[in-house]
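Below you'll find the structure, written out as structure tokens, and then a few comments.
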Amino acid sequence: MSEKLSDTARKTTLEPLLENGWAMVEGRDAIHKTYEFENFVEAFGFMTRCAIWAEKWDHHPEWSNVYKTVEVTLTSHDVDGLSSRDTKLARKMDKLADG
Ligand SMILES: C[C@H](O)[C@H](O)[C@H]1CNC2=NC(N)=NC(=O)C2=N1
């Protein structure tokens, strides 16, 4: 359990993500990103690496995969909105997607 992101945290931790391919989801306090990979194995490998961190941090993405595309939505269900667990997981996912 944590708290919804404060206005200050939205400026310091959310904005950099919004400049790096993440976007607010319409009608929800949630962020979304579409990752494109070379092929299915790269996409599924990314999901496997993310899943290990998600489980370790007990924070789980809403996501789907079609061939080499992975769609990710992050929000914190327990606070019904964005928390620092979402920005932390988003940064990790961006790192894992890079290599
Ligand atoms: C009991 C357990 O800690 C909760 O169900 C966790 C698990 N993973 C979660 N993931 C996300 N995205 N939001 C949550 O509120 C959440 N809660």
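Side chains are part of it too, since the values below use all heavy atoms of this structure and drop only hydrogens, waters and symmetry mates. Just so you know, these numbers come straight off a predicted model, no measurement behind them. Counting starts at 1 for both ligands and their atoms, in listed order.
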Next item on the list: Begin with the C-alpha distance, continue with both residues' side-chain angles, and end with the deciding distance and a verdict on salt bridge (Lys or Arg N to Asp or Glu O under 4.0 Å) for Asp78 and Arg85.
Entry: CA-CA 11 Å; Asp78 56 359; Arg85 286 175 295 148; 2.7 Å; yes
Notebook entry, point to check: Taking only residues two or more places apart in sequence or in another chain, which ones pass salt bridge (charged side-chain N to carboxylate O under 4.0 Å, His left out) with Asp29?
Noted result: Arg10
Item checked: Flag side-chain contact, heavy atom, 4.5 Å: Ser76 against His59 -> yes
Check: Quick one: which of Asp98, Asn65, Val70 gives a side chain to side chain contact (heavy atoms under 4.5 Å, CB included) with Phe46?
Finding: Val70
Notebook entry, point to check: salt bridge (charged side-chain N to carboxylate O under 4.0 Å, His left out) with Arg28: which residues, sequence neighbours excluded?
Noted result: Glu62
Can you list, pair by pair, the side-chain donor-acceptor contacts under 3.5 Å of residues 32-44, counting residues two or more places apart and other chains?
residue, atom, partner, partner atom, Å
His32, NE2, Glu71, OE1, 2.7
Lys33, NZ, Asn20, O, 2.8
Lys33, NZ, Asp94, OD1, 2.8
Thr34, OG1, Glu71, OE1, 2.9
Tyr35, OH, Asp94, OD1, 2.6
Glu36, OE1, Thr69, OG1, 3.1
Glu36, OE2, Thr69, OG1, 3.0
Asn39, OD1, Val41, N, 3.1
Asn39, OD1, Glu42, N, 2.8

Item checked: Sorted by chain and number, the residues that approach ligand 1 to under 4.0 Å with a heavy atom -> Asp58, His59, His60, Thr75, Ser76, His77, Asp78
